[in-house]
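Remember, it's 1-based here, ligands and their atoms both numbered in the order they're listed. All heavy atoms count here, side chains included; hydrogens, waters and symmetry mates do not.
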Amino acid sequence: MAEARKTPVEASEPGVMDFDVVVVGAGFAGLYALHRLRGMGFGVKVFEAGDGVGGTWFWNRYPGARFDVESMEYSYAFSEDLQQEWNWPDRYSKQSDILRYINHVADKFDLRRDVQLETRVTSALYDEEANLWVVETDRGDKVTARFCIMASGNLSTPRVPDFKGLVDFQGEHYHSGLWPKEDVDFSGKRVGIIGTGSTGIQMIPNVAKQAKHLHVFQRTANYSLPARNGPLPKGEVRDHKADYAARRKAAYFTPFGIAGYPPPEKCAIEASPEEREAKYAAKWAQGGTISYLFSYKDLLVNEESNETASEFVRARIREMVQDPETAELLAPKDHPIGTKRICLDTEYYETYNRDNVTLVDVRSAPIEEITPSGLRTADGEYELDAIIFATGFDAMTGAILDIDVRTTTGLTMQEKWAAGPRTFLGLMVAGFPNMFVITGPGSPSVKANMVVAIEQHTDWIADCIQTARDRGLSRVDATVEAEDSWVEHVNEIADSTLYPRANSWYVGANIPGKPRVFMPYVGGFDRYKVKCDEVAANGYEGIEMTK
Ligand code: NAP
């Protein structure tokens with residue numbers, strides 16, 4: 001149960017509340033929100049479903065889980081002391097190192113005392129009359145707070161497809177996002193992995209090294225680029241740290257919130273085939289996804305240009321995979337490169353050259369059911385000791401919609417988002433005063449370096465709350481007009497690119513029945529930040545602040 005700690009109530013506000021702010025989730029977002037708001041003198045309570053902090057990096061412990069953005073960039077910038085003292089061993093850190101980092105942050109900033117673990121928020125009710133949020137949990141807590149911050153994550157609601165027969169499966173089964181803490185040993189086992197997104201692609205080479213035989217059930221091929229991961233050279237780390245503050249600042253002026261990649265100036269269609277080939281080859285050798293997307297400036301807006309970059313990767317797949325039929329199945333043809341999250345791998349394609357790995361095309365012959373001893377597709381039966389679901393998440397809206405969010409005036413989030421999420425800047429939802437979302441739908445979120453996006457959001461929210469406090473006001477709500485025009489803008493930008501061409505979780509395509517709405521803002525983190533800063537500079541234009 002939440003301790004009945006009363007925090008000082010601001011002089012301008014009548015009534016008593018348990019906390020100034022309740023935060024949902026103790027991942028990168030929730031922990032920074034706690035630190036930032038506590039620093040402003042607020043009483044903050046964080047509820048976290050896991051039995052440890054870390055969010056995504058607490059839950060996703062599957063073999064091969066690691067960053068796909070470089071460690072030196074994908075980490076907190078708010079403390080110079082922290083970024084100087086921490087040493088990332090690898091260019092793309094593995095999950096155990098990331099979790100160690102987050103735990104270090106929790107200890108260094110004394111965050112644990114305000115985090116209640118193993119507690120899932122079940123409902124959040126805005127009491128219009130009292131101007132308070134009433135938050136309830138699955139542990140029986142019922143607390144009130146002026147503000148409610150959803151730091152519940154974009155990819156935190158794991159999804160196992162509704163396959164017939166799973167309950168009768170005699171072997172072990174796992175979802176990548178709910179991986180056990182103890183090591184799982186697949187030695188000597190016949191394993192099936194369903195799903196070839198970023199998760200499956202990171203996991204497959206690792207499971208293949210252990211399993212007696214691995215069947216990979218692929219519905220859609222994805223583009224994956226070599227990570228070229230390895231230990232971070234000491235000199236590189238030293239140089240980076242010497243310039244850390246400037247690099248962090250520079251990240252704010254880039255479309256992905258990642259510094260160190262000069263933006264391209266030329267279009268692919270303006271280059272000769274030889275020039276393009278040389279450029280893509282250099283990027284391929286360098287590794288990393290941003291680097292490749294930054295080959296030319298029109299790759300995400302011009303189909304013809306994109307095809308040159310897509311075909312370069314297909315050609316590499318055909319070179320790496322010995323069996324031509326398998327290579328053809330692995331070469332994506334149904335979407336332009338970059339319109340789905342590009343995967344980053346270590347020896348993914350080469351894994352299909354192993355004798356103990358078989359690729360099964362479940363596009364042409366879908367999985368029909370899980371049987372007690374394996375699974376059956378439309379054209380075959382597979383005997384399996386273990387099944388791994390790398391089948392993704394109810395992305396971007398799942399975690400918020402799992403909570404019964406409503407107001408005493410009768411508005412519910414389920415209804416409000418029935419046709420797809422609507423937000424102002426991905427930060428606020430009109431009609432739900434004093435509720436903020438960190439990296440919500442309508443913000444760059446997953447299309448940017450998440451930690452940079454999280455810090456920018458949290459700082460903006462903190463400044464907004466501070467402004468209301470300075471004005472003696474305690475109710476903050478986005479207007480419907482501001483929200484409508486933001487949603488329109490997000491859609492316009494998406495429609496001017498190739499992104500909507502892919503059936504991805506960006507549009508909710510992986511969840512049967514989910515409204516097809518393009519959820520992230522793809523206009524670039526830099527542009528987005530300018531807009532957020534403008535809103536603040538114009539006295540929180542589009543937001544009503546009242547008593
Ligand atoms: P995902 O991209 O949604 O991929 C899910 C996979 O499962 C897809 O291949 C999908 O096929 C397949 N699938 C789903 N239902 C299926 C069914 N009924 N039958 C057959 N196949 C089915 O999920 P994810 O790989 O977990 O990645 C989600 C996101 O998490 C990534 O895009 C990335 O943003 C993030 N992530 C990041 C990292 C990192 O930073 N290092 C690592 C992992 C994940 P279809 O494509 O045909 O639907």
Task: Backbone or side-chain N or O of D68 under 3.5 Å from ligand 1 N or O - done: yes
- [ ] Pick, from Q95, R219, R363, the option with the minimum heavy-atom distance to atom 13 (N) of ligand 1.
- [x] R219
Open item on the list: Return the closest protein heavy atom for atom 4 (O) of ligand 1 as residue, atom name and distance.
Closed with: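 Checked against all protein heavy atoms, atom 4 (O) of ligand 1 sits closest to G197 CA, 3.7 Å.
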TODO: Please collect all side-chain hydrogen bond (donor to acceptor under 3.5 Å, both in side chains) contacts where either partner lies in residues 252-264, sequence neighbours excluded, each pair once.
DONE: E70-Y261
TODO: Provide the number and element of each atom of ligand 1 under 4.0 Å from a heavy atom of F163.
DONE: 17 (C), 18 (N), 19 (N)
Task: R363 vs T220 side-chain heavy atoms within contact, under 4.5 Å - done: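 When only atoms from C-beta onward are counted, T220 and R363 do touch, with a gap below 4.5 Å.
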Task: Identity and distance of the protein heavy atom lying nearest atom 1 (P) of ligand 1 - done: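 Minimum-distance protein heavy atom for atom 1 (P) of ligand 1 reads W505 CD1, 4.0 Å.
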Open item on the list: Checking a contact table here: which protein heavy atom is nearest atom 47 (O) of ligand 1, and how many Å away?
Closed with: T220 OG1, 2.4 Å
- [ ] Report the nearest protein non-hydrogen atom to atom 9 (O) of ligand 1: residue, atom name, distance rounded to 0.1 Å.
- [x]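 Going by distance alone, atom 9 (O) of ligand 1 is nearest to T196 N, 2.9 Å.
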TODO: Check ligand 1 against R66 and write out every atom of the ligand that is under 4.0 Å from a heavy-atom position of the residue.
DONE: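 Per the distance check, 39 (C), 40 (O), 41 (N).
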- [ ] For the pair H213 and H215, name the ring-plane relationship: parallel under 30°, tilted 30 to 60°, perpendicular over 60°.
- [x]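 H213 and H215: tilted rings.
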Open item on the list: So if I count the atoms of ligand 1 from 1 in the order they appear, which ones are less than 4.0 Å from some heavy atom of Y62?
Closed with: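 Counting atoms of ligand 1 from 1, those under 4.0 Å from Y62 are 42 (C), 43 (C).
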- [ ] Report the part of A390 (side chain from C-beta onward, or backbone N, CA, C, O) that has a heavy atom under 4.0 Å from ligand 1; answer both or neither where that applies.
- [x] backbone
- [ ] Kindly indicate whether a cation-pi arrangement holds for R316 with F312, taking the cut-offs as under 6.0 Å to the six-membered ring centre and within 45° of the axis.
- [x]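 Yes - R316 lies over the ring of F312, closer than 6.0 Å to its centre and within 45° of its axis.
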Open item on the list: Over 60° means perpendicular and under 30° means parallel, so tell me whether H173 and F169 are parallel, tilted or perpendicular.
Closed with: tilted
- [ ] Would you mind finding which of I194, T199, I342, V446 brings a heavy atom closest to atom 20 (C) of ligand 1?
- [x] I194
Task: Top protein contact for atom 35 (C) of ligand 1, by heavy-atom distance - done: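 That would be L155 CD1, 3.6 Å.
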TODO: Report the relative orientation of the aromatic rings in W86 and Y101; use parallel for angles under 30°, tilted for 30 to 60°, perpendicular for over 60°.
DONE: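 W86 vs Y101 ring planes: perpendicular.
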- [ ] With heavy atoms of F393 as the reference, note each atom of ligand 1 found under 4.0 Å away.
- [x] 26 (O)
TODO: Do me a favour and list the nearest non-hydrogen protein atom to atom 23 (O) of ligand 1 with residue, atom name and distance?
DONE: G392 CA, 3.2 Å
Open item on the list: What protein heavy atom lies closest to atom 12 (C) of ligand 1? Include the residue and the distance to one decimal.
Closed with: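 Its nearest protein heavy-atom neighbour is G195 CA, 3.7 Å.
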Task: Cationic N near anionic O, under 4.0 Å, D68 to R341 - done: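 Result for this pair is yes, salt bridge flagged.
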Task: Ligand-side contact atoms (ligand 1) for residue partner K340, heavy atom cut-off under 4.0 Å - done: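 So the atoms of ligand 1 that pass are 46 (O).
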Task: With sequence neighbours excluded, residues passing side-chain hydrogen bond (donor to acceptor under 3.5 Å, both in side chains) with Y292 - done: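 By the side-chain hydrogen bond (donor to acceptor under 3.5 Å, both in side chains) rule, Y292 matches no residue at all.
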TODO: For the residue pair F294 and F256, categorise the inter-ring angle as parallel (less than 30°), tilted (30 to 60°) or perpendicular (more than 60°).
DONE: tilted
Open item on the list: Under a 3.5 Å threshold, yes or no: a donor from one side chain and an acceptor from the other, between Y348 and Q202?
Closed with: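 No donor-acceptor contact under 3.5 Å links the two side chains.
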TODO: Classify the angle between the aromatic ring planes of F424 and W486 as parallel (below 30°), tilted (30 to 60°) or perpendicular (above 60°).
DONE: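 If you compare the ring of F424 with that of W486, the planes turn out perpendicular.
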- [ ] Tell me which protein heavy atom sits closest to atom 31 (C) of ligand 1, plus the residue, atom name and distance to 0.1 Å.
- [x] S198 OG, 3.5 Å
